[in-house]
Amino acid sequence: MKVVVVESPAKAKTINKYLGSDYEVLASFGHIRDLPAKDGSVDPEQDFHMLWELEDRGAKRVAEIAKAVKGADKLILATDPDREGEAISWHVLEALHAKKVLKDVPVERVTFNAITKDAVATAMAQPRAIDQALVDAYLARRALDYLVGFNLSPVLWRKLPGARSAGRVQSVALRLVCDREREIETFKPREYWSIVATLKTESGAVFEARLVGADGKRIQRLDVGNAEEAEAFRRDLELATFTVASVEAKPAKRHPQPPFTTSTLQQEASRKLGLAPAQTMRVAQRLYEGIEIGGETVGLITYMRTDGVDMAPEAVAQARQVIGAEYGDAYVPGAPRKYSVKAKNAQEAHEAVRPTDLARLPKEVARFLEPEQAKLYELIWIRTVASQMESAELERTTVEIAAQVGPRRIELRATGQVVKFDGFLTLYQEGKDDEEDEESCRLPPMKAGDNLARERIAATQHFTEPPPRYSEASLVKRMEELGIGRPSTYAAVLQVLRDREYVKIDKKRLVPEDKGRIVTGFLESFFRRYVEYDFTADLESQLDRVSNAEIDWRAVLRDFWRDFSAAIAGTKELRTTEVLEALNGLLAEHIFPAKADGGNPRACPNCASGQLSLKLGKFGAFVGCSNYPECKYTRQLNATGLDGDGEGAGEGGQPGVRVLGDDPETGLPVTLRDGRFGPFLQLGEASAEKGAEKPKRSSLPKGLAPSAVDLEKALKLLSLPREVARHPETGEPILANIGRYGPYVQHGKTYANLGKDDDVLEVGANRAIDLIVQKEQGGGRPAQDPGRLIGTTPDTGKPVTVKAGRYGAYVTDGEINATLPKGADAEAVTLDEALRLIAARREAGGGTKKKAGARKAPAKSTAKTATKTATKTAGKATAKSAKAAAKDTAAEDGEVEPKPAARKAAAKATGTEDAGDTAKAVKKAPAKKPATGKPATKAAKSAAGE
């Protein structure tokens with residue numbers, strides 16, 4: 001028996017069918033080991049010795065593999081054909097050596113770029129040893145990520161409360177987004193005018209020509225800068241006679257783009273299909289690992305993490321056959337096309353992303369695929385086939401026109417383009433992030449010397465526009481151009497930025513959040529070298545040289561650590577005032593935008609004598625007055641106004657305050673204000689007198705835009721809580737209100753959250769009574785959402801549904817519940833994704849639904865168990881939190897973000913918030929004993945039947 005190890009169970013299932021009964025194929029479920037989150041996991045003093053720890057799931061996998069290997073004829077490591085795959089094989093081998101189970105069992109490493117029967121058979125016939133250079137490159141990358149994240153993230157916590165983490169690649173990608181936002185904020189529009197003449201030929205055909213010169217001088221797009229100049233040209237052209245000076249028609253060719261790499265696949269899927277990079281990679285993974293078609297499981301595309309644009313000769317030959325059969329011989333070029341990589345730092349030796357069998361036409365396989373899979377497969381198939389098609393043949397025509405008015409000669413130009421032969425354009429045209437105008441119209445026949453008649457002359461005012469914000473596709477493209485990150489990590493890095501709430505998506509564009517801008521500003525001010533694009537790209541180049549066995553990986557780490565450790569040490573004496581002043585200057589355009597009247601943008605609008613400045617609070621940064629505590633003026637960082645129109649307050653008002661009107665009952669003003677924690681409503685004004693009653697306030701329900709709030713809606717919100725109904729048994733009122741965790745209904749001490757489709761101002765009596773009664777009868781849960789049925793399990797036929805749970809959306813098969821990853825769209829989750837999540841949850845030994853009788857344990861026993869569990873859990877809290885600290889979120893280019901519990905534990909250990917940043921503090925944090933009968937953890941709550 002031969003044992004084969006791959007990463008995923010789906011891949012194992014497919015390969016097992018190809019290899020037969022002589023092989024046992026097992027999955028490692030990705031990485032089995034990681035660096036524990038403690039000092040010394042990467043030790044610079046011991047020449048970067050690294051301590052590896054088997055994860056809980058990894059230990060189980062290694063045990064299964066070790067059991068299978070005992071007495072086996074051979075161990076074959078068949079993980080993915082890239083640096084990460086090589087590392088997984090190395091980890092498995094090291095773990096098995098540690099268990100001393102290999103002995104005389106021979107070990108082979110095989111790689112295949114596609115999961116097809118032929119590809120797997122060929123790979124098995126060409127085994128090799130583990131590529132140590134690739135492993136060394138992985139070790140260097142992982143050590144760098146650990147050293148940056150584990151040392152830099154604590155500095156952020158200490159100096160910038162509310163900041164989550166920093167990462168070697170993540171922080172540079174964030175800087176790209178923030179730099180673009182700064183360009184937009186500081187952009188000064190420039191006025192310019194275009195002059196367009198609509199002319200008619202002798203045969204009566206009409207076309208347009210643009211001003212390009214006058215009096216022997218060339219005129220560029222921005223050269224006509226005001227209305228007076230534009231009017232002078234328009235007036236002269238109204239009086240001019242027009243003659244064709246020359247006509248030049250040139251043939252041109254447009255060549256197809258190469259087949260997809262990882263980044264170009266992510267870009268095109270974003271443009272054409274609207275898929276986020278992370279979604280694209282998830283769908284591509286399924287197509288690669290195998291889909292059942294006609295009773296056979298087969299991988300439909302080649303490996304999707306690649307820099308390569310080349311294709312195997314047999315794939316090129318097949319593409320040419322398909323082109324001839326589907327589109328005709330005219331579309332088959334005389335010789336096959338060859339492509340070379342242009343991306344900086346491209347280093348992967350794999351093929352491009354292509355279908356494993358181009359004869360599988362998209363329309364034929366679509367019925368076996370889910371909609372997203374079918375769309376992505378079609379996109380990959382079209383791009384691959386188009387890359388081997390004949391070029392498009394064009395004709396570009398340029399007509400130079402002379403306009404004579406007295407002694408003055410003005411020059412105009414008309415351009416046009418026609419497609420003589422569409423070639424690959426019949427199948428595919430690459431999308432663009434920011435479309436540019438193209439002169440693609442056909443011009444009427446003309447020849448030099450022809451007279452032209454004037455139809456009309458138009459002078460149009462324009463203003464230059466700032467560069468657009470990055471889309472996910474254009475950011476991936478820019479990172480690739482700069483050589484930042486690797487193809488395998490682009491999607492993960494972007495997801496991390498969204499998960500950390502450093503950026504948000506607005507109209508398919510990346511907008512930096514205030515938290516992200518503060519972090520970037522801090523790093524630019526005090527760690528500038530480590531967020532420089534050239535520095536990061538150069539580090540990637542060095543890692544590539546390591547993978548090519550050109551330099552020693554430890555030498556790279558020594559050079560990096562020498563300067564980085566000094567930079568970290570330099571922040572120990574850094575005062576908070578220094579940090580704030582640096583950020584005040586760097587983010588001035590964002591935090592303190594210029595006033596229309598030219599006044600001091602940092603003058604406090606409340607007391608006039610104070611100076612506005614960035615402040616750091618427990619929950620992050622905000623703007624406050626220097627005269628605190630005498631002046632308590634505060635606002636959020638963004639001062640663009642509640643309506644988002646950049647106007648701030650109305651005439652004579654305060655920034656961040658919009659007056660909606662007066663309350664008809666009290667006569668007090670109703671205002672919408674921009675507070676530290678978001679917009680809120682207020683009735684009246686706060687009094688400076690000691691002991692004075694605070695004005696009534698109400699936060700806005702989630703999803704309600706400030707611009708949609710009028711006086712009527714504001715008064716309704718300020719009138720909360722409102723009585724919705726009377727309880728059918730007690731007769732006591734059921735109230736609707738908005739609390740810390742959103743809208744809810746309440747009866748006595750029973751609270752039930754409203755659903756996302758419930759409006760706190762409109763929820764009716766029946767719905768409110770149902771929520772309360774269900775909560776009271778269910779022992780802690782509101783009425784259950786029946787969920788959305790997405791299919792059935794293939795083995796048992798049980799229904800699989802997506803439901804809205806207390807801690808977020810989850811999928812369930814009736815036995816196992818699996819929470820959806822943060823940021824996943826519950827409405828878009830597919831059956832395959834749900835089954836994978838449920839399987840992973842089952843393997844991890846969790847997610848089992850509670851039996852009905854579980855809540856009926858005796859009270860005394862339950863309380864005792866709860867207290868015991870709470871005490872035990874509290875004692876382990878810091879260790880578990882610390883363990884999570886150095887998780888490699890973004891695969892190769894990950895970051896380290898110790899969990900909030902680790903920070904809290906460290907703060908308690910030292911007695912200060914600022915000290916919650918060292919691994920030693922985490923390690924020494926004492927366990928806090930819970931109060932008797934008060935479960936302190938989720939586990940204890942569960943035991944207590946809450």
Side-chain angles (χ1 to χ4, degrees), residues 1-34 52 54-55 57-139 285 288-290 296-299 302-303 305 312 348-351 356 547 549 843:
M1 178 70 71
K2 301 179 183 68
V3 176
V4 180
V5 177
V6 297
E7 289 98 333
S8 74
K11 189 175 175 182
K13 183 180 177 182
T14 304
I15 294 173
N16 213 28
K17 290 183 179 180
Y18 296 153
L19 295 179
S21 58
D22 289 341
Y23 293 82
E24 182 178 0
V25 186
L26 301 173
S28 71
F29 285 78
H31 279 282
I32 58 166
R33 301 197 304 178
D34 201 0
W52 297 100
L54 276 174
E55 298 180 337
R57 188 179 65 182
K60 186 177 179 182
R61 300 297 156 213
V62 171
E64 288 179 359
I65 296 169
K67 183 179 179 181
V69 165
K70 288 179 180 177
D73 300 326
K74 188 183 295 183
L75 171 64
I76 302 171
L77 301 169
T79 50
D80 287 340
D82 59 4
R83 210 152 39 191
E84 203 70 13
E86 205 73 18
I88 292 172
S89 284
W90 176 79
H91 275 302
V92 170
L93 191 59
E94 290 289 299
L96 293 177
H97 277 311
K99 281 185 170 288
K100 300 179 180 178
V101 295
L102 288 176
K103 294 183 181 177
D104 299 325
V105 177
V107 179
E108 295 178 349
R109 170 81 169 112
V110 302
T111 59
F112 31 80
N113 196 42
I115 304 179
T116 64
K117 197 166 187 176
D118 289 344
V120 171
T122 302
M124 290 296 176
Q126 299 173 346
R128 61 170 173 81
I130 283 181
D131 188 331
Q132 191 58 44
L134 284 182
V135 173
D136 288 347
Y138 159 80
L139 293 174
Q285 182 85 30
Y288 165 69
E289 289 179 343
E296 179 188 6
T297 303
V298 62
T302 55
Y303 191 54
R305 293 184 177 90
E348 305 291 1
H350 320 310
E351 281 190 78
T356 54
S547 66
E843 289 288 345

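Throughout, numbering of the chain's residues begins at 1 and tracks the sequence.
The minimum heavy-atom distance linking Glu289 with Ser8 is given by the pair OE2-OG, 2.6 Å. Minimum interatomic distance between Arg57 and Phe29 (heavy atoms only, all atoms of both residues): NH2-O, 3.0 Å. Minimum interatomic distance between Ala114 and Thr356 (heavy atoms only, all atoms of both residues): CB-CG2, 3.6 Å.
The side chain to side chain contact (heavy atoms under 4.5 Å, CB included) test with Val5 is passed by exactly one of Leu75, Ile76, Ile88: Leu75.
Remark: Tyr303 engages Asp80, Asp82 in a side-chain hydrogen bond (donor to acceptor under 3.5 Å, both in side chains) (not counting sequence neighbours). Taking the side-chain contact (heavy atoms from CB on, under 4.5 Å) definition, one finds that Ala78 meets it with Val4, Val6, Val110, Phe112, sequence neighbours left out. Shown here are the side-chain hydrogen bond (donor to acceptor under 3.5 Å, both in side chains) partners of Glu7, two or more places apart in sequence or in another chain: Lys11. Here Glu296 pairs with nothing under the side-chain hydrogen bond (donor to acceptor under 3.5 Å, both in side chains) rule; sequence neighbours left out. By the salt bridge (charged side-chain N to carboxylate O under 4.0 Å, His left out) test, Glu64 pairs with Arg61, sequence neighbours left out. Contacts of Arg33 classified as side-chain hydrogen bond (donor to acceptor under 3.5 Å, both in side chains), with partners at least two apart in sequence or in another chain: His91.
Here the straight-line distance linking atom CG of Leu96 with atom CD1 of Ile32 works out to 7.0 Å at 0.5 Å rounding. Remark: Lys99 NZ to Ile65 CD1 distance equals 10.5 Å, nearest 0.5 Å.
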Residues Val107, Ile130; criterion side chain to side chain contact (heavy atoms under 4.5 Å, CB included); working and verdict:
CA-CA 9 Å; Val107 179; Ile130 283 181; 5.9 Å; no
Tell me, with the steps shown, if Leu54 and Val62 meet side chain to side chain contact (heavy atoms under 4.5 Å, CB included).
CA-CA 9 Å; Leu54 276 174; Val62 171; 3.7 Å; yes
Test Val298 against Ile115 for side chain to side chain contact (heavy atoms under 4.5 Å, CB included), laying out the working first.
CA-CA 7 Å; Val298 62; Ile115 304 179; over 6 Å; no
Throw together a table of side-chain donor-acceptor distances under 3.5 angstrom for residues 66-74, partners on residues two or more places apart or in other chains.
unit_1	atom_1	unit_2	atom_2	d
Asp73	OD2	Met1	N	2.7
Lys74	NZ	Glu108	OE2	3.2

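Side-chain N or O atoms of Arg83 include none that pairs as donor or acceptor with a backbone N or O of Ser547 at under 3.5 Å. Although no hydrogens or angles enter the test, the distance criterion places a donor-acceptor pair under 3.5 Å between the side chain of Thr79 and the main chain of Gly85.
For the pair Leu139 and Trp90, the minimum side-chain heavy-atom distance is below 4.5 Å. Tyr138 is listed as a side-chain neighbour of Glu84, based on a closest heavy-atom distance under 4.5 Å.
Residue pairs meeting the side-chain hydrogen bond (donor to acceptor under 3.5 Å, both in side chains) criterion with at least one partner in residues 12-21, sequence neighbours excluded, are Lys17-Thr297. Within the structure, every pair that satisfies the side-chain hydrogen bond (donor to acceptor under 3.5 Å, both in side chains) test and touches residues 122-134, not counting sequence neighbours, is listed here: Glu86-Arg128, Gln132-Asp136.
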